[in-house]
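We use all heavy atoms of the structure for the numbers below, so side chains are in, but hydrogens, waters and symmetry mates are not.
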Amino acid sequence: MLNQKKVVVVLPAYNAELTLEKTYREIPKDIVDEVILVDDASSDKTVELAKKLGIHTIQHKKNRGYGGNQKTCYEAALKTGADIVVMVHPDYQYTPKLITPMASMIAFGVYDCVLGSRILGGGALAGGMPVYKYIFNRMLTAIQNILLGQKLSEYHTGYRAFSRKVLQSLPLERNSDDFVFDSQMLVQIVAAHFNMGEISCPTKYFPEASSINFSRSVTYGIGCLISAIQFRLQKLGFKKVEYLDFKVA
């Protein structure tokens, strides 16, 4: 608990057997009330290991994609009564040690959503981020900031924390089941006028850490641009997009 708010960590997993235990061991159990792993039909022993570690585990019988995995994660977390939900990839690319400060920013009402940025602090390249991905990240983020009217250092981190209100307010089921889910969710957060904060997060690139290839990165980037353009067009009064056509109570 943090400030009398229940903290739940969700782990969207796919073939994370080699890195899951290291990730899980670093989760701060003093403030985290529950850990939920959603396995997206892995072909390795991720599920067996998760159960052995005592993690609440949900298994997709068929692969639903990264976005589909997150939908299950957030739905499951809300069902447990979570007030704050922190998503951490179980591939050990992001350190779970930052869960406490990220969750604290939400628990004490500073932000509604907090992103762990690999760009703040300048550690992305030092941590092994490929140069082409770094350049791609910076260019795409700059365009998104212009279109969305924001000043974020990065939109493409997989380390995120959300308040219960954010997750209950957004029509996440309308978003893609693929990687562009991340972008669509942040666009929804901007559209709903929730406050977003960032924290500097070191990152580690190594063979066992998951990463999409160049062609998938291009597809993802195009999807991010489309999402940002759709937001801007809707803002200007053009036809509304289904996943952005909602109101926050």
Heavy-atom pair with the smallest gap, counting every atom of Thr203 and Gln93
OG1-CG, 3.2 Å

Between Asp83 and Val7, is any pair of side-chain heavy atoms under 4.5 Å apart?
no

Picking from Asn137, Asn145, Thr141, what satisfies side-chain hydrogen bond (donor to acceptor under 3.5 Å, both in side chains) with Tyr155?
Asn145

Look at the side chain of Tyr94 and the backbone N and O of Val88, then say whether any donor-acceptor pair between them is shorter than 3.5 Å.
no

Give a yes or no on whether Val166 and Ile99 share a hydrophobic cluster (residues Ile, Leu, Val, Met, Phe, Trp, Tyr; joining criterion: side-chain heavy atoms under 4.5 Å apart).
no

More than 12 heavy atoms of other residues, nucleotides or ligands under 6.0 Å from CE of Met1: is that the case?
yes

Where the side chain of Ser227 meets the backbone of Gly223, is there a donor-acceptor pair that is under 3.5 Å apart?
yes

Would you say Leu186 and Gln144 make side-chain contact, with heavy atoms under 4.5 Å?
no

Ser176-Asp178 side chain donor-acceptor pair, cut-off 3.5 Å
no

Validation row: Val32, Val35 side chains within 4.5 angstrom (heavy atoms):
yes

Qualifying residues under side chain to side chain contact (heavy atoms under 4.5 Å, CB included), relative to Pro171, sequence neighbours excluded
Glu173, Arg174, Gln188, Phe246

Are the side chain of Asp40 and the backbone of Ala13 linked by a donor-acceptor contact shorter than 3.5 Å?
no

Main chain of Leu244, side chain of Gln234: is a donor-acceptor contact present, judged purely on distance under 3.5 Å?
yes

Measure across Asp33 and Lys5 and return the closest heavy-atom pair with its distance rounded to 0.1 Å.
OD2-O, 4.2 Å

Just by modelled atom types, is the Leu115 backbone N or O under 3.5 Å from a matching donor or acceptor in the Arg160 side chain?
no

Any ion pair linking Lys22 and Glu26 (charged N to carboxylate O, less than 4.0 Å)?
no

Main-chain N/O of Ile55 paired with Thr57 side-chain donor or acceptor, under 3.5 Å
yes

Is the Lys NZ or Arg CZ of Lys29 less than 6.0 Å from the centre of Tyr24's six-membered ring, within 45° of the axis?
yes

Taking the six-membered ring for Trp, are the ring centroids of Tyr220 and His156 within less than 6.0 Å of each other?
yes

May I have all residue pairs that pass side chain to side chain donor-acceptor pair (under 3.5 Å) and include part of residues 108-123, sequence neighbours excluded?
Ser117-Ser153, Arg118-Glu154, Arg118-Tyr205

Exercise: identify the closest heavy-atom pair between Leu2 and Ala103
CD1-CB, 3.6 Å

Between Tyr159 and Met87 the two heavy atoms that sit nearest each other are CD2-O, 3.4 Å

So do Ile84 and Lys6 actually touch side chain to side chain, heavy atoms under 4.5 Å?
no

Testing the basics here: between Asp39 and Leu37, what is the closest heavy-atom pair and its distance to 0.1 Å?
N-CD2, 3.8 Å

Verify, without hydrogens or angle tests, whether Asp91 (side chain) and Ala16 (backbone) share a donor-acceptor contact under 3.5 angstrom.
no

How close do Lys133 and Ser217 get, counting heavy atoms only, and between which atoms?
CE-OG, 4.1 Å

Can you tell if the side chain of Gln230 reaches within under 4.5 Å of the side chain of Phe238, non-hydrogen atoms only?
no

Determine which pairs satisfy ring-ring contact (aromatic ring centres under 6.0 Å, His included) with at least one residue from residues 40-66, sequence neighbours left out, and list them in order.
Tyr66-His89, Tyr66-Phe179

Cation-pi check, Lys71 to Phe181: give yes when NZ or CZ is under 6.0 Å from the six-membered ring centre and within 45° of the ring axis, no otherwise.
no

Ignoring hydrogens and geometry, is there a side-chain-to-backbone donor-acceptor pair from Arg64 to Asp177 under 3.5 Å?
no

Checking Ser183 side chain against Val180 main chain: does a donor-acceptor pair fall under 3.5 Å?
no

